[in-house]
There are 2 protein chains.
Amino acid sequence: MEQTKDYLSSHGIRPSAQRMAIMDYLLSHKTHPTVEEIYTALLPLLPTLSKTTLYNTLKLFSDKKVALMLNIDEHTTRFDGDVKPHAHFQCQVCGRVYDIFQEELPELVSLYKQQIGKLLISSVEISYKGVCEMCKNKKD
Amino acid sequence: MEQTKDYLSSHGIRPSAQRMAIMDYLLSHKTHPTVEEIYTALLPLLPTLSKTTLYNTLKLFSDKKVALMLNIDEHTTRFDGDVKPHAHFQCQVCGRVYDIFQEELPELVSLYKQQIGKLLISSVEISYKGVCEMCKNKKD
DNA sequence: TTCATTTTTGTAATCATTTTAAATAATTCA
DNA sequence: TGAATTATTTAAAATGATTACAAAAATGAA
Ligand SMILES: [Mn+2]
Ligand SMILES: [Mn+2]
Ligand SMILES: [Zn+2]
Ligand SMILES: [Zn+2]
């Protein structure tokens, strides 16, 4: 938790109790949670936590590059404390979001970083959809 | 318009007046429109058109692979009548969505098509964000 | 035409997110 | 220290996109 404090500080984020709890949650849950999921999980720890704080904080984290805001899910935004370049896969049966760390991806990302034609690039999101192993097996 | 009828039919979609008008709109407006934009544009042509029909139809088009449902915009879903593999770029200043047809992209897409590890892939969406040329120049 | 099926429509409901303004906490510096 | 300023959090209300639902209209086969 002391690490989290330093991590936030070093990224220009004042480490309030709420912010540390939210960052901790993101760093320890690689499930690409929704706002609702984070809220439900943190309520026991921070009984007065409001959704507005959650939204504000996640926006701040995204601006300061300590979290990714994922648009892979058509219903709701998901968040990721892992900011290393990687792609995602969402299972259309169970909704789970999986990480995809492939060698070619960072390459592709850096390849296009900064500019494509006259467009100034600042970020990229690569999202796959399909059926995960668990759900595939269930069908048999 | 006769072409549109055949296009829909050949993809197993019954070509109603509404469906043809919506498909025509998507094919002739490569702007990645929102539901709202499509609705406003078509209302003069189809005065009784309902939003529900629009949502149903766009979902159907997406299922039948004659349109893409894009999640690049965090506020609203956008649609694309161009189903050839390509990536998108959204300007964070003006909100416009641009097409990116790069040689490497179809490669990457086909590379990962079908499977990554044990995940069964059915589609991929590649989304860049940044500032477009127009907005970049305005700032100077 | 008759009956069944498909499609469209309008309304209401839902749900994620944003707005707003007040309350609380932290920081500054006289 | 302690009053003033600034930053953060909170709760409630508003917004906006999407979905659910049930009735009406259109289509198509028998
Ligand atoms: Mn991830
Ligand atoms: Mn496109
Ligand atoms: Zn699954
Ligand atoms: Zn722009």
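Chain naming here is simple, since letters A, B, ... match the order of the sequence lines and numbering starts at 1 in each.
- Comparing B:His75 and B:Asn56, the nucleotide of DNA chain D nearest to each residue sits closer to the 5' end for B:His75.
- Atoms CG (A:Leu54) and P (C:dA16) sit 13 Å apart, rounded to a whole Å.
- For A:Thr52, whose side chain is taken as the heavy atoms from C-beta onward, the closest listed nucleotide among C:dT9, C:dT17, C:dT20 is C:dT20.
- Nearest to the side-chain atoms of B:Leu49 among the listed nucleotides D:dA17, D:dT9, C:dT9 stands C:dT9.
- At least one donor-acceptor pair under 3.5 Å links the side chain of A:Ser122 to the backbone N or O of B:Lys129.
- If you check every strand for non-hydrogen atoms under 4.0 Å, B:Thr48 touches sugar and phosphate atoms only.
- Looking at which nucleotide of DNA chain D each of A:Tyr39 and A:Arg14 is closest to, the 5′-most match is held by A:Arg14.
- The distance from atom CG of B:Leu43 to atom P of C:dT9 is 10 Å, rounded to the nearest whole Å.
- Rounded to whole Å, the distance from CZ on A:Phe79 to P on C:dT17 is 7 Å.
- Distances shorter than 4.0 Å separate none of the side-chain N or O atoms of B:Tyr55 from OP1 or OP2 on D:dT19.
- Between B:Arg19 atom CZ and C:dT8 atom C1' the separation is 9 Å, expressed in whole Å.
- A straight line from CZ of A:Phe61 to P of D:dT8 spans 12 Å, rounded to a whole angstrom.
- The side chain of B:Thr76 contributes an N or O atom lying less than 4.0 Å from OP1 or OP2 of D:dT18.
- In this structure, CD of B:Glu74 is placed 14 Å from P of D:dA17, rounded to the nearest angstrom.
- Taking the six-membered ring for Trp and thresholds of 30 and 60 degrees, A:His29 and A:Tyr25 have nearly parallel ring planes, at less than 30 degrees apart.
- Residue A:Thr53 is classed as a base contact, given a heavy-atom separation below 4.0 Å to a base.
- Ring planes of B:His86 and B:Phe101: parallel class, angle under 30° (limits at 30 and 60°).
- Between C:dT9 and B:Gln18, a contact under 4.0 Å exists linking OP1 or OP2 to a side-chain N or O.
- Rounded to whole Å, the distance from CG on A:Leu46 to C1' on C:dA25 is 15 Å.
- Not one N or O on the side chain of A:Gln18 forms a donor-acceptor pair closer than 3.5 Å with the backbone of A:Thr53.
- At the heavy-atom level, B:Thr77 lies under 4.0 Å from the strands shown only through sugar-phosphate atoms.
- Regarding B:Lys51, its NZ atom lies at a distance of 7 Å from the P atom of D:dA17, rounded to whole Å.
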Full working for side-chain contact (heavy atoms from CB on, under 4.5 Å) between B:Ile126 and A:Val124 = CA-CA 7 Å; B:Ile126 302 181; A:Val124 61; 4.2 Å; yes
